[in-house]
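Please read all numbers here as calculations on a predicted model, not as lab measurements.
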Amino acid sequence: MRTTPAMADERNFRSTYYEKVGCRSVEERKSLEILLKDKPLNVLKLKQFCIRFTVPNIHRNVLWNFLLGVTPAYTDSRQYVMTQREAVYNDLQRALQVLRVVDEKTPKHRVLYAMWLLETKQLCLGYDLNKENPFSKITEVLLQIFDNDIEIYWMAKGFHEYSHEIQEEMGKLSDLTSTILDKEDNGMFLHLKSCDILSVLPLAKWYGSFFAGVLSELALIRIWDKICGGSIKIVIFVFIEILRTLRRRVLRSVDLNSLLECIDSIRDEQETADLIVNKAIELWQQNKGHNEFILQSKSKTLI
């Protein structure tokens with residue numbers, strides 16, 4: 001059957017629509033399944049997939065575990081590695097129970113945070129586990145997405161390494177945020193600057209937790225796909241699109257507290273969160289983040 005221009009336009013329209021709502025074509029899913037059969041798994045190609053596409057839900061667990069360093073490149077070694085991971089997990093949990101740091105009433109994300117503190121030698125007597133921190137925020141999201149607590153703990157550690165990288169680069173990321181906001185929405189930039197809001201924004205908190213607790217988990221996973229691909233700068237575009245999506249309310253905000261209240265209002269608005277994520281990914285791609293981070297991943301792999 002010959003394809004007419006009208007049919008081609010319709011197909012292109014559908015492809016664009018599916019792209020915006022996060023649906024992937026059968027071909028892309030098949031290409032990922034082929035990549036996941038490689039022995040050993042190719043970290044660069046899988047990162048490139050995360051950069052270019054939304055990861056199918058059915059493969060997200062396997063892909064994230066690998067890219068975050070939880071599972072090895074050789075699938076034949078996976079069972080042995082996970083047995084060792086489980087042993088460490090159980091030892092840490094048992095130690096916390098013996099020390100009476102946690103009990104059966106302690107929320108799971110707090111338990112996992114305490115385990116990480118113990119493993120990294122940061123847990124001290126009387127430490128406040130309720131203290132806000134990126135690790136707990138990240139873990140709360142992962143607990144909503146996955147079921148295996150052992151994998152969740154190790155994935156949280158992998159995400160926290162990216163979070164630490166963000167904290168180290170916050171000076172540059174803050175400057176880049178202002179530059180891009182000025183370029184994309186000068187009126188918004190000037191308003192926030194004139195109200196002395198721009199310089200006191202809690203960007204380190206938002207960026208370091210990849211907007212956990214700000215946007216819904218179902219929307220966040222598409223941004224976290226990109227984080228797994230090594231694209232930490234995408235957080236800048238998420239923030240800018242939050243402001244632009246809430247533009248009218250933001251322009252009525254005259255201090256930091258009113259702006260924070262405005263942003264807090266979207267926590268349970270799934271449609272708004274989906275819109276923000278779609279626009280953030282589109283803006284990020286327009287700013288050539290796509291190619292930049294593929295090259296960055298290549299250099300890291302070569303090292």
Side-chain angles (χ1 to χ4, degrees), residues 18-19 21-86 89 112 138-163 165 209-212 215-235 238 277-278 280-281 284-285 289-291 293-298 300-301:
Y18 290 146
E19 174 85 15
V21 299
C23 298
R24 307 316 319 169
S25 69
V26 174
E27 289 77 12
E28 288 161 359
R29 178 171 170 174
K30 286 182 177 179
S31 69
L32 177 58
E33 290 173 349
I34 292 171
L35 290 174
L36 290 173
K37 291 179 181 178
D38 283 348
K39 292 186 178 181
L41 294 175
N42 188 310
V43 64
L44 176 57
K45 289 182 178 179
L46 290 172
K47 281 189 173 185
Q48 288 174 339
F49 186 94
C50 287
I51 295 294
R52 291 174 176 170
F53 310 118
T54 294
V55 177
N57 287 333
I58 193 173
H59 297 306
R60 184 167 280 114
N61 179 274
V62 172
L63 189 53
W64 282 20
N65 268 305
F66 170 62
L67 292 180
L68 293 170
V70 181
T71 53
Y74 288 92
T75 53
D76 293 343
S77 304
R78 186 181 189 281
Q79 184 175 353
Y80 171 78
V81 170
M82 290 311 299
T83 298
Q84 303 305 308
R85 303 265 192 234
E86 182 178 5
Y89 178 95
L112 297 180
I138 291 167
T139 304
E140 283 187 271
V141 172
L142 294 175
L143 286 167
Q144 296 298 316
I145 302 172
F146 303 111
D147 299 322
N148 188 311
D149 291 350
I150 298 169
E151 291 181 350
I152 287 171
Y153 174 68
W154 289 92
M155 276 193 279
K157 289 176 61 177
F159 272 116
H160 190 268
E161 289 185 13
Y162 281 119
S163 176
E165 185 177 341
S209 62
F210 316 118
F211 292 95
L215 300 176
S216 69
E217 290 82 9
L218 291 177
L220 277 180
I221 55 177
R222 295 179 54 215
I223 296 300
W224 289 23
D225 284 342
K226 311 306 179 190
I227 300 294
C228 285
S231 305
I232 60 173
K233 289 183 185 176
I234 195 172
V235 294
V238 175
V277 168
N278 288 340
I281 292 175
W284 167 70
Q285 290 172 336
H290 178 111
N291 295 326
F293 291 115
I294 288 177
L295 292 173
Q296 184 184 70
S297 297
K298 283 183 178 179
K300 288 184 177 180
T301 302

Going through the checks in order, is the side-chain contact (heavy atoms from CB on, under 4.5 Å) test met by I281 and I234? CA-CA 8 Å; I281 292 175; I234 195 172; 4.3 Å; yes
Report yes if some heavy atom in the side chain of [X] is under 4.5 Å from a heavy atom in the side chain of [Y]; otherwise report no.
X    : Y    : value
V43  : L67  : yes
I223 : W284 : no
W154 : L68  : no
C228 : L63  : no
V141 : F210 : no
L215 : V238 : yes
L46  : F66  : yes
I221 : N57  : yes

side-chain contact (heavy atoms from CB on, under 4.5 Å) evaluation trace for V70 with K157: CA-CA 9 Å; V70 181; K157 289 176 61 177; over 6 Å; no
Look up atom [atom1] in [X] and atom [atom2] in [Y], then write down how far apart they are to the nearest 0.5 Å.
X    : Y    : atom1 : atom2 : result
Y162 : I227 : OH    : CD1   : 8.5 Å
F159 : T139 : CZ    : OG1   : 10.5 Å
I58  : L32  : CD1   : CG    : 10.5 Å
L36  : L41  : CG    : CG    : 6.5 Å
N148 : M82  : CG    : CE    : 6.0 Å
I152 : N65  : CD1   : CG    : 9.5 Å

Closest heavy-atom pair and its distance - A219, V277: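 What the structure gives for the nearest pair is O-CG2, 3.5 Å.
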Closest non-hydrogen atoms of V81 and P72, given as atom of the first, atom of the second and distance, are CG2-CG, 3.8 Å
Backbone N/O of F53 and side chain of K226: donor-acceptor pair under 3.5 Å: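 Between the backbone of F53 and the side chain of K226 there is a qualifying donor-acceptor contact (under 3.5 Å).
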Main-chain N/O of V55 paired with D225 side-chain donor or acceptor, under 3.5 Å: yes
Thinking salt bridges, do R78 and E151 make one under a 4.0 Å N-O criterion?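 Judged by the 4.0 Å cut-off on N to carboxylate O distance, R78 and E151 do form a salt bridge.
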Salt-bridge test for R29 and E33: reply yes if a basic N is under 4.0 Å from a carboxylate O, no otherwise. yes
ring-ring contact (aromatic ring centres under 6.0 Å, His included) with F146: which residues, sequence neighbours excluded?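 Expected list: W64.
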Are there more than 12 heavy atoms of other residues, nucleotides or ligands under 6.0 Å from atom CD of Q79? no
Taken in chain and number order and not counting sequence neighbours, the residues that satisfy side chain to side chain donor-acceptor pair (under 3.5 Å) with R85 are none
